[in-house]
Amino acid sequence: MQTLDVKGLSCPLPVIKTKKVLDSGVNELEVQGSGNTAKQNVSRFARTRGFKVELVSESGGEWTMLLTKAK
Amino acid sequence: MAKEKVFMVVIGLVIGALAAILVVMGNPGNMGFCIACFLRDITGALGFHRAGAVQYMRPEIIGLVIGAFAAASSAGEFKSRGGSSTLVRFFLGMFMMIGALVFLGCPLRDILRIGGGDLNAVVGLAGFIGGVLLGVFFLKRGFDLGAARNDKQSQFGGYFLIAIAVLLLLVLVSGINFNPEAGGPLFFSKEGPGSMHAPLWIALGAGLVVGFLAQKARLCLSGGFRDFFLIRETGLLLAYLGIFVGVLVLNIYFGNFHLGFADQPVAHSNHIFNFLGLFLVGLSAVLLGGCPLRQIVLGSEGDTDATVSVLGMVAGAALAHNFMLAASPKGTTPWGEIAVVVGIIVVSAIGWAYREVES
């Protein structure tokens, strides 16, 4: 499974980078990031692209989420 | 999803209504809120520029910082962080301010001006959207100022902006005059826009509310257009639609709606530089990751890079008034026109030069 690190990036780079990977046709992606704004933006975007969003871990303002293409 | 959109519109309506009320309470016309103008007034109150007509310690900005800090802290979102091309952000903030002071307003005031019937602001909005589009072009090309880091050693840095806001409030309330012979600081305009203001505690209260809501909604006009162009996301634009409707309705109710180009409050009708001024603001805002309002809110969440861009805006305000770059209701100045063109070139060069590094 591919992983993507968007920690500390200004808006909208977390979404742009996620979009780039999802557009390349992956069905599963782990995204690591920081801050609630990026978390909300990335998960909202992934859902609009038909991905299931699962928060794997979160601590100290950093989070990891798993995006899986909904069947 | 629908609930979220209603929330954005309601937040916008509240902010728009507050802006209209602040004008009725004494703020300059169509200037219930203006991040650029108010930072410029604060810069003048501190004596960093000497334009006598635009000096006042605007409590709205102090309220914004404290309100956004309260919202971020209560949600566990305050986090001291920074280190993403900080110096570049200082200069982007500086140019963003120069563009805003040639247009005479930040993106938020642009919407408030349109809601007051000022058609010059429609020209400005077109320029703003143009600047955002150029910024989006750079983003698609891989523009990246690099990642910031969460400060692991201490949260100290994140509190600087909050401390400054509290200190400025104390100085304002106490009425201390550091150099009575010179008349200040703090300096207070006796005439012009700087002399027009709502009562201190009302302005502070409005700032607190708007800061709190802006943090919750991640309010940002450049982000609104940017996200629409990039990913067809409309939430932020809906908030600005709310602001527009809120201020428009109350302006009509209070008799403050006057449709036209001529004789608009704190505005001029140089169409080319209304367009280019906000073009520079839109472009700089996209590269910074947010408009002037959003930079203040991010700074209040502990983003020290955003705080530096706010300091860049303060420096930009001082430059703009000391070097005769800022426009006035009489129009733009030749120096201001040159500065906007130079700004667009320099900021574009930054947009071109900073690209992500493939790892």
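Per chain, numbering begins at 1; letters A, B, ... match sequence-line order.
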Non-hydrogen atoms of A:Lys7 and B:Ala147 that approach each other most closely: O-CB, 3.3 Å

Donor-acceptor under 3.5 Å (B:Arg89 side chain, B:Thr307 main chain): no

Chain B contacts, top residue of A:Gly35, A:Cys11, A:Ser34 (heavy-atom pairs, under 4.5 Å): A:Cys11

Quick check for you: to the nearest 0.5 Å, what is the distance between B:Cys291 atom SG and B:Leu236 atom CG? 9.0 Å

Is the closest side-chain heavy-atom distance between B:Phe212 and B:Leu208 below 4.5 Å? no

Side-chain heavy atoms of B:Asp144 within contact of A:Lys17, under 4.5 Å: yes

Anything under 30° is parallel, anything over 60° is perpendicular, the rest tilted; go ahead and classify B:Phe160 against B:Phe156. perpendicular

Residue part contacting chain A, namely of [X], when any heavy atom lies under 4.5 Å:
{"X": "B:Asp303", "result": "neither"}
{"X": "B:Arg81", "result": "neither"}
{"X": "B:Leu230", "result": "both"}
{"X": "B:Lys140", "result": "neither"}
{"X": "B:Asn150", "result": "side chain"}
{"X": "B:Arg294", "result": "side chain"}
{"X": "B:Arg218", "result": "side chain"}

Show the numbers, then the answer: is there a side-chain contact (heavy atoms from CB on, under 4.5 Å) between B:Leu288 and B:Gln295? CA-CA 8 Å; B:Leu288 277 169; B:Gln295 295 304 312; 3.6 Å; yes

Indicate yes or no: does A:Glu62 engage A:Lys39 in a salt bridge with an N to O separation below 4.0 Å. no

Pull out the residues in residues 22-33 of chain A that come under 4.5 Å of chain B, heavy atom to heavy atom, sorted by number. none

Checking heavy atoms, do the side chain of A:Val15, its backbone, both or neither come under 4.5 Å from chain B? side chain

So, B:Phe78 versus B:Tyr159, ring centres under 6.0 angstrom or not? yes

Between A:Arg44 and B:Glu233, does a salt bridge (charged side-chain N to carboxylate O under 4.0 Å, His left out) hold up when you go through it step by step? CA-CA 10 Å; A:Arg44 194 190 304 123; B:Glu233 172 66 43; 3.7 Å; yes

